Asker: 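This is the structure, below, for whatever I ask next.
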Number of protein chains: 2
Amino acid sequence: MESRAQAGAAQRRRSASMADVARLAGVSSQTVSRVSNGSPGVVEDTRRRVLAAMKELGYRPNSAARALKHGEFRTLGVILFNLSTTGNVRTLEAIADSAAREGYAITLLPVAIPTQSEVDGAFTRLGELAVDGVIVIMEVHLLDSSTVSLPPHVQVVVVDSDAGDRYAVVDTDQRGGARAAVEHLLALGHRTVWHLAGPPDSFAAQRRTEAWLAALKEAGRPVPPLLFGDWSAESGYTVGKLVPEDCTAVFAANDQMALGLLRALHERGRRVPQDISVVGFDDIPESGSFIPPLTTVHQDFGEVGRRCVEGVLRQIRNRTAEHGTALVPTRLVARASTAPPPHAG
Amino acid sequence: MESRAQAGAAQRRRSASMADVARLAGVSSQTVSRVSNGSPGVVEDTRRRVLAAMKELGYRPNSAARALKHGEFRTLGVILFNLSTTGNVRTLEAIADSAAREGYAITLLPVAIPTQSEVDGAFTRLGELAVDGVIVIMEVHLLDSSTVSLPPHVQVVVVDSDAGDRYAVVDTDQRGGARAAVEHLLALGHRTVWHLAGPPDSFAAQRRTEAWLAALKEAGRPVPPLLFGDWSAESGYTVGKLVPEDCTAVFAANDQMALGLLRALHERGRRVPQDISVVGFDDIPESGSFIPPLTTVHQDFGEVGRRCVEGVLRQIRNRTAEHGTALVPTRLVARASTAPPPHAG
DNA sequence: TTACGCGATGTTTACGTAAACATCCAGGCG
DNA sequence: CGCCTGGATGTTTACGTAAACATCGCGTAA
């Protein structure tokens with residue numbers, strides 16, 4: 001890649017300040033400030049002159065100075081481990097969107113590997129970061145065990161956690177969704193439902209498992225052994241090869257694992273949904289194109305993101321810390337991967 | 001959600017400044033600054049006293065003041081349309097990672113809908129934003145047609161564009177990847193290869209299509225009619241229902257469309273790969289779990305992200321604008337969705 | 001006519017940091 | 001023994017903005 005000296009405007013070392021604009025417009029810098037912020041008390045003629053000067057100099061307000069002045073950055077930080085799960089990505093997307101709508105920018109704080117030192121590092125950086133509030137998309141126990149604390153004036157909202165007693169938590173109604181999945185299968189006539197769970201250290205996975213168990217017990221059904229995956233399609237495939245012949249219904253803790261499961265069942269010649277039913281969780285955009293289209297639990301990530309932003313902003317404005325958990329409801333999307341069980345041989 | 005007044009440290013309106021630390025440690029604020037920045041010329045005893053004071057007051061450097069002082073924010077902005085395509089997400093992830101490693105934060109600038117006014121809006125916000133450089137993940141013609149220009153001192157790197165003559169561009173080697181896909185199929189013995197293209201307004205899609213065409217022509221093969229999708233699995237499914245019986249090989253412009261294609265073919269009773277071969281593009285994590293596992297072109301998004309960050313930072317440090325295109329190579333991943341064509345009836 | 005009020009604009013100041021410069025002190029050397 | 005050197009530390013200042021306060025001038029009511 002070649003490079004060339006930057007021409008034109010960039011020769012000016014620093015970009016134009018209010019003082020420059022003021023000089024050109026023949027007013028005081030305070031008047032420029034008033035125009036810039038749309039404050040009243042500037043006569044139309046002056047305002048026009050100032051605007052013209054701004055345009056000529058290519059004036060842009062300096063956000064550092066502005067932040068320094070009134071002590072806020074109009075920026076929210078988002079801490080997350082990675083963008084490899086659909087949920088995190090879609091939540092982030094919704095957060096970015098809502099934040100933009102409120103005039104806040106989003107600063108990303110990725111933590112590559114959830115080790116103690118990584119998390120500490122992120123929080124240290126965060127402490128120096130120009131943010132007014134933070135949204136944490138991860139298991140809160142990692143946040144707790146961190147030796148570095150959040151700056152006291154920074155407000156926090158947490159996703160995917162059970163720390164509602166200490167933080168404001170926004171989460172999908174994991175239990176409700178999992179219960180709906182199980183009940184859907186039971187209603188179709190299945191005697192019981194197997195569960196392909198997510199990794200045991202995930203709160204979301206835990207809650208889905210709990211609800212699966214509770215739903216089975218309430219209905220007085222036998223509880224099959226628990227199967228574990230790691231959220232990946234590959235792990236669903238591996239587990240799928242082990243599902244016994246007498247199993248007629250599986251509830252997978254996410255759509256990716258359901259995908260792998262479908263492939264394993266296909267390879268084994270077990271037809272879905274005629275021989276065995278499968279339900280997923282998340283409703284990723286692709287799930288309607290699986291073979292067969294997947295019945296799954298739809299999560300409203302957009303709503304989760306919106307409530308997160310709403311929550312932090314409220315805390316920032318009121319200068320209070322909130323706690324409690326807000327649950328966003330789910331919805332079962334019935335497609336073609338579920339059907340009544342085959343008649344007993 | 002209940003709320004309670006925030007207790008303890010938060011009662012102090014503003015957090016501790018250097019002056020506060022200096023007072024407590026009995027030194028000047030300049031000495032605190034030196035300790036804070038690890039500058040030399042502070043005797044060990046003093047340093048310890050300052051550090052203790054910092055800890056006691058929970059001192060955090062104020063990044064706004066720091067930014068105001070030396071005119072840089074140590075932050076990069078990332079402009080993108082959405083996080084719904086795998087490529088964008090993984091690129092963003094890699095960017096965030098590399099940036100963090102360099103001590104830079106990432107500020108997200110989502111543009112919900114790529115309309116002119118939306119893009120303008122993002123750039124306006126950007127102008128006021130606290131960033132030293134920008135990475136644009138989108139078609140550059142939208143950037144060009146924007147009436148709002150980037151602040152002159154902000155350096156730019158663009159992904160997914162052909163604007164290498166005006167900007168520094170980093171992109172996957174779309175052509176090379178598409179050519180590899182076509183050549184792989186021809187080498188297996190297919191007479192020609194159909195192409196399920198992405199939306200015509202995408203440069204990435206255009207380039208994949210061009211390379212497909214070029215590879216066919218070079219080999220002197222007939223060129224089948226072009227099929228179009230919109231990147232979604234659903235569109236792949238729709239198109240898949242229309243693929244004629246005599247087609248033995250399809251190159252889909254991304255893995256999602258390939259997924260839909262697989263389903264349509266499955267429903268029509270056309271076996272993959274025995275009756276028809278399918279190749280995708282991207283190598284999303286799930287593609288190894290499709291039915292059958294998908295042969296696809298692997299994109300190294302990590303490398304793309306890394307080079308973006310490297311590029312902007314170099315421009316920032318050198319105070320120059322670069323141009324030219326850097327291509328990141330791809331790699332064909334052969335799985336189970338491709339095979340020699342069936343023997344002619 | 002004069003003084004008062006109020007809208008328009010200007011001036012001062014502080015936000016927290018760090019570069020540049022100033023000062024102070026200990027020790028070495030003529 | 002006094003001066004000089006250099007390291008440690010303190011003081012001043014500027015970064016760009018905006019709140020708070022000051023001023024100016026014009027219209028209006030007594």
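Labels below follow one simple rule: chain letters A, B, ... track the order of the sequence lines, proteins then strands, and each chain is numbered from 1. All figures in this text were calculated on a predicted structure; none of them were measured in a lab.
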Asker: Please report the distance, rounded to the nearest Å, between CZ in Arg23(A) and C1' in dG16(D).
Answerer: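 These atoms are roughly 13 Å apart.
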Asker: Closer than 4.0 Å, any side-chain N/O of Asn37(B) to the OP1 or OP2 of dA18(C)?
Answerer: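 Yes.
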Asker: Can you list everything that forms a salt bridge (charged side-chain N to carboxylate O under 4.0 Å, His left out) with Glu72(B)? Sequence neighbours excluded, please.
Answerer: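 Salt bridge (charged side-chain N to carboxylate O under 4.0 Å, His left out) check on Glu72(B) returns Arg74(B).
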Asker: Glu72(A) has an atom CD; how far is it from atom P of dT17(D), in whole Å?
Answerer: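 Roughly 17 Å, once rounded to whole Å.
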Asker: With sequence neighbours excluded, tell me which residues meet side-chain contact (heavy atoms from CB on, under 4.5 Å) with Arg48(B).
Answerer: Glu44(B)
Asker: Arg74(B) has an atom CZ; how far is it from atom P of dT17(C), in whole Å?
Answerer: 17 Å
Asker: For the pair made of CZ in Arg60(B) and P in dT17(C), what is the distance, rounded to whole Å?
Answerer: 13 Å
Asker: Suppose we screen for salt bridge (charged side-chain N to carboxylate O under 4.0 Å, His left out). Which residues come up paired with Glu303(B), at least two apart in sequence or across chains?
Answerer: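 Salt bridge (charged side-chain N to carboxylate O under 4.0 Å, His left out) list for Glu303(B), sorted by chain: Arg306(B), Arg307(B).
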Asker: Going by the rule side-chain contact (heavy atoms from CB on, under 4.5 Å), which residues pair with Ala64(B) if we only count those two or more places apart in sequence or in a different chain?
Answerer: Ala67(A), Leu68(A), Phe73(A), Asn62(B)
Asker: Pull out every protein N or O sitting under 3.5 Å from an N or O of nucleotides 23-25 of chain C, one pair per line with the distance.
Answerer:
none

Asker: Among all residues two or more places apart in sequence or in another chain, which pass the side-chain contact (heavy atoms from CB on, under 4.5 Å) test with Val21(A)?
Answerer: Val32(A), Val50(A), Ala53(A), Met54(A), Leu57(A), Tyr59(A)
Asker: I'd like to check the salt bridge (charged side-chain N to carboxylate O under 4.0 Å, His left out) partners of Asp300(B); sequence neighbours left out, ordered by chain and number.
Answerer: none
Asker: Taking only the side-chain heavy atoms of Ser17(B) (C-beta and beyond), determine which of dA18(C), dT17(D), dT17(C) contains the nearest atom.
Answerer: dT17(C)
Asker: Can you list every side-chain hydrogen bond (donor to acceptor under 3.5 Å, both in side chains) pair that touches residues 21-32 of chain B, not counting sequence neighbours?
Answerer: Asp20(B)-Arg23(B), Ser28(B)-Thr31(B)
Asker: Using whole Å, what does the distance between atom P of nucleotide dA8(C) and atom CZ of Arg49(A) come to?
Answerer: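 Rounded to the whole Å, the gap is 14 Å.
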Asker: What's the CG-P distance between Leu57(B) and dG16(C), to the nearest Å?
Answerer: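 Answer to the nearest Å: 13 Å.
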Asker: Would you call Arg317(A)-Glu102(A) a salt bridge at under 4.0 Å N-O?
Answerer: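 The answer is yes: the pair qualifies as a salt bridge.
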Asker: Expressed as a whole number of angstroms, how long is the span from Asn62(A):CG to dG16(C):P?
Answerer: 16 Å
Asker: Taking all atoms of both residues into account, what is the closest heavy-atom pair of Ala25(A) and Arg49(A), and its distance?
Answerer: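 Heavy atoms only, the tightest pair is O-NE, 3.1 Å.
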Asker: Write down the distance between NE2 (His70(B)) and C1' (dA20(C)), rounded to a whole number of angstrom.
Answerer: 15 Å
Asker: What bend angle does the helix from dT1(C)-dA30(D) to dG30(C)-dC1(D) show across its length, from five-pair end axes and to the nearest 10 degrees?
Answerer: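 Angle reported: 70°, given to the nearest ten degrees.
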Asker: Among all residues two or more places apart in sequence or in another chain, which pass the side-chain contact (heavy atoms from CB on, under 4.5 Å) test with Val304(A)?
Answerer: Thr91(A), Val159(A), Val170(A), Thr172(A), Cys308(A), Val328(A)
Asker: Go along nucleotides 5-13 of chain D 5' to 3' and tag each nucleotide: B for a protein heavy atom under 4.0 Å from its base, S when only backbone or sugar atoms are that close, - otherwise.
Answerer: ---SBBB--
Asker: Mind checking side-chain hydrogen bond (donor to acceptor under 3.5 Å, both in side chains) for Thr75(A) and listing every partner two or more places apart, or none if nothing turns up?
Answerer: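 Applying side-chain hydrogen bond (donor to acceptor under 3.5 Å, both in side chains) to Thr75(A) gives none.
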